[in-house]
Amino acid sequence: MRRRVRIVAQAFDPEAEISIFRRSLEAAGAIVTFTGQVRASSADGHVSSLHLQHYPGMTERGIDAILDEAAQRWPLEAALVIHRVGDMDPFDPIVLVATASAHRRAAFEAADFLMDYLKSRALFWKSETNAAGRIWVEPRAEDYADARRWDDAPGGG
Amino acid sequence: MRRRVRIVAQAFDPEAEISIFRRSLEAAGAIVTFTGQVRASSADGHVSSLHLQHYPGMTERGIDAILDEAAQRWPLEAALVIHRVGDMDPFDPIVLVATASAHRRAAFEAADFLMDYLKSRALFWKSETNAAGRIWVEPRAEDYADARRWDDAPGGG
Amino acid sequence: MAKLLFFGQLGDLAGGIERTMALSAAHAIGDIVALIDAQDRLLGSALAGPRVRYAVNGEIVAADFQVTDADELAFLPPVSGG
Amino acid sequence: MAKLLFFGQLGDLAGGIERTMALSAAHAIGDIVALIDAQDRLLGSALAGPRVRYAVNGEIVAADFQVTDADELAFLPPVSGG
């Protein structure tokens, strides 16, 4: 499986990255992407900005390990993970995951799996600044539950 | 739920469409896309070209009905379906589905659901031309099985 | 003239996607298939296949549906998209 | 000097992501937390929280892991990405 992992401190263009990813494929006919972008509002009201921290080196190694696991579980030709860090504004892209396979379900499941990891297990810390001040965000109970779906699941494909 | 359905006889640019879709969002932070493109080879050998037929009017109404169902099952802000018809070459995009929601799982499941419909239930007929001649393709057993997953499933969200 | 549409491999057998048929009275789809079968066994048996569905004016109907001269009758073999 | 890293809200409590600490001998992480707690109760109790994990030189370790003056010790509160 070809792979690419990027942690970026500047804004990135998800569609430009998807285009490069798709055009690099040699055989896979099924491409699934997930893009997460800063929401204009959260449960706590209007979000004015978002900040993301990571632990350089260790965060990347964790993502690389989960890509190893995805490659074992599904027949993927390629996978891409881009994650933004630093200060972000509403509508800025935060994360992009792309997977490609000959099989539609493999591409869907692998993208879903990678996002569950990035959301609740990867080494990122996120704070939101709104009218009430700055708060550190934690995954919701359903994010943890989503990630646990894969713990006992047999490989897809 | 905002929606857009296009059956196109000419090549389309998936990433340009995804960009327009993403930039149209007002609240949703989670965007899932599926792109299917013509594979360079199939089980029967090298594919030289692919042809897709639809039944103008009836095909679109079927897709519109499945979008109604997706809107009932998941809290989606928007959904997009583009499907190519006519003659295609290897690597040409065939289908693009994009879904957007405040919830990651809703966007994943709705895109998966729509693709299962497009693959095995929507009114399209596909033929492959290769060295052995022209054959009409039917969904694989797993495509039918994938589509049946949703028949008894409760709504996600 | 009723319009008949043959999709997928049925169009190959029919020698084209579309043809017309004069219907002086309403006919059940099963009868129309029998008329075609009398002239073209290969196409007729394909149209009568268990996996072929029928649509009249864009709505799925059963084989006993009555088709008139003003209708569009489509023969829909197993689909495959995406 | 050992390098200490405080991520997420721990960085707010520590007044910065990074600080150094001179360690004349190897200390268990639990002991280092106790040293910090003696100077700063708020930070110390946060570092001892049940959901804080420890990493030394980029590897997750337990609280009894021995840290030396050449090591990088990171305190990892609950994560949130994507």
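Quick note on labels: first sequence line is chain A, next is B, and so on, each numbered from 1. Just the heavy atoms: all of them, side chains too, but no hydrogens, waters or symmetry mates, feed the values below.
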Chain A heavy atoms under 4.5 Å from B:D146: which part of the residue, side chain, backbone, both or neither?
-> side chain
Do the side chains of B:D112 and A:R105 get nearer than 4.5 Å, heavy atoms only?
-> yes
Taking non-hydrogen atoms and a cut-off under 4.5 angstrom, which of residues 20-30 of chain A neighbour chain B?
-> A:R22, A:R23, A:L25, A:E26, A:A27, A:A28, A:G29, A:A30
Heavy atoms of A:F34 and B:F108 approach each other most closely as CD1-CE1, 3.7 Å
Is it the side chain or the backbone of B:A111 that comes within 4.5 Å of chain A heavy atoms, both, or neither?
-> both
Which of the residues B:D116, B:V95, B:D13, B:I94 is involved in the greatest number of heavy-atom pairs with chain A at under 4.5 angstrom?
-> B:D116
How many angstroms lie between atom OG1 of B:T33 and atom CD1 of A:I18, to the nearest 0.5 angstrom?
-> 5.0 Å
What residues of residues 78-88 of chain A sit under 4.5 Å from chain B when only non-hydrogen atoms are counted?
-> none
Contact origin within A:A102 toward chain B - heavy atom pairs under 4.5 Å | both
